[in-house]
Amino acid sequence: MRPVLGESPLRAQAAAAQLTLPYNPALKSDDIELIVGEANAWLETAGLKVAIRYDSAAMLHRRHGGQNELLGRAVGVKNDRHPIVFDATGGLGRDAFVLADLGCRVTLCEQTPALAWLLQDAILCAQVSRHEAVRDAAGRMTVHAGNSEAQSLGAATVIYIDPMFPERKKAAAVKKEAMMLQYLSASNDGGESLMDWASQQAVDRIVVKRPVKAPVLGERKASFSLSGKSVRFDVFVRHAQAGE
Ligand SMILES: C[S@@+](CC[C@H](N)C(=O)[O-])C[C@H]1O[C@@H](n2cnc3c(N)ncnc32)[C@H](O)[C@@H]1O
């Protein structure tokens, strides 16, 4: 990457320094740019713009989506149980936000520095949102920049993995975001390496998001799977618990 363009020069310069990227307020290139405004920021390339806003109309709408319930059940959310989750594939933090909104504390780890910066910025914005639920959820989210395989899991009892997967039929908006993540992602082995690493960690469960018809990631058989219309969550439980 790729210049940081400044709509808000001071904030853009600070981001450029933190990310050791060239700051360039004028240049427009074919490369991916991180554009930093006063109260927002986004990634842009060739007409493709991707921002993270946890209190956007789309995200507020998504709070009530059926897939959230599946994701919550996959990580083991119950009325009186809100597992601490290590999201090893932070991305745009959508799934992490859903989990935080369900009451989980979530540490997101993202290997692409500019994305990790964008996540951190989005969480800080969400912490002062006018929507109380968004503020509360953002207060349960923490970002780490770097390779998940090199991080300490702290008190996390669940590892969540949502690896890149070749895009098929998807809504235009989702496709745009997936394309941006594909551009940015340094390595993409489809999640095999993360799964190997996760399998060696002392957590209660690993949850892997897959397209509904995709094969299971890794060698192990999933303890159980929860399928929606287009997405499936494969759950690998360390010690199967009653009722699961
Ligand atoms: C499909 S996206 C995840 C989307 C995310 N679940 C969301 O809701 O926005 C996968 C992301 O994982 C990141 N990633 C892949 N391997 C990683 C690793 N070993 N450590 C940290 N991040 C990783 C990629 O850079 C990419 O941004």
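Both backbone and side-chain heavy atoms feed into the values below; hydrogens, waters and symmetry mates do not. The chain is numbered in sequence order, starting from 1. Order of appearance sets the numbers: ligands from 1, and atoms from 1 within every ligand.
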### Rounded distance [0.5 Å steps], NE2 in His82 versus CG in Leu102
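Here the rounded value is 7.5 Å.
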#### Entry: Separation of Ile35 CD1 from Leu43 CG (nearest 0.5 Å)
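Here the rounded value is 9.0 Å.
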Before signing off on this row, confirm whether [X] and ligand 1 have an N or O atom pair separated by under 3.5 Å.
X: Met164; answer: no
X: Gly93; answer: yes
X: Asp87; answer: no
X: Tyr160; answer: no

Please could you name the atoms of ligand 1 that [X] approaches to less than 4.0 Å, counting only its heavy atoms?
X: Cys109; answer: 21 (C), 22 (N)
X: Thr112; answer: 25 (O)
X: Gly90; answer: 5 (C), 7 (C), 9 (O)
X: Gly146; answer: 20 (N), 21 (C)
X: Leu115; answer: 27 (O)
X: Leu92; answer: 7 (C), 9 (O)
X: Asn147; answer: 18 (C), 19 (N), 20 (N)

### Task
Check whether any heavy atom of Ala96 sits under 4.0 Å from an atom of ligand 1.
no
### Query
Other than Phe86, which residues form its hydrophobic cluster under the rule that side-chain heavy atoms must be closer than 4.5 Å?
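Reading the cluster by chain and number, Phe86 sits alongside Leu153, Ile159, Ile161, Leu194, Met195, Trp197, Val203, Ile206, Val208, Val216, Leu217, Phe236.
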### Query
Is Val128 isolated, or which residues cluster with it under the ILVMFWY side-chain rule of less than 4.5 Å, directly or via members?
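Joined to Val128, directly or through intermediates: none.
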May I ask you to decide if [Y]'s main-chain N or O and [X]'s side chain share a donor-acceptor pair within less than 3.5 Å?
X: Arg238; Y: Asp204; result: no
X: Glu44; Y: Lys49; result: no
X: Ser152; Y: Gly154; result: yes
X: Asp162; Y: Thr89; result: no
X: Ser129; Y: Val134; result: no

### Task
Using a 4.0 Å heavy-atom threshold (strictly under), name the region of Ala88 that reaches ligand 1: side chain, backbone, both or neither.
backbone
### Query
Just heavy atoms, cut-off under 4.0 Å: does Leu194 contact ligand 1 by side chain, backbone, both, or neither?
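Side chain only.
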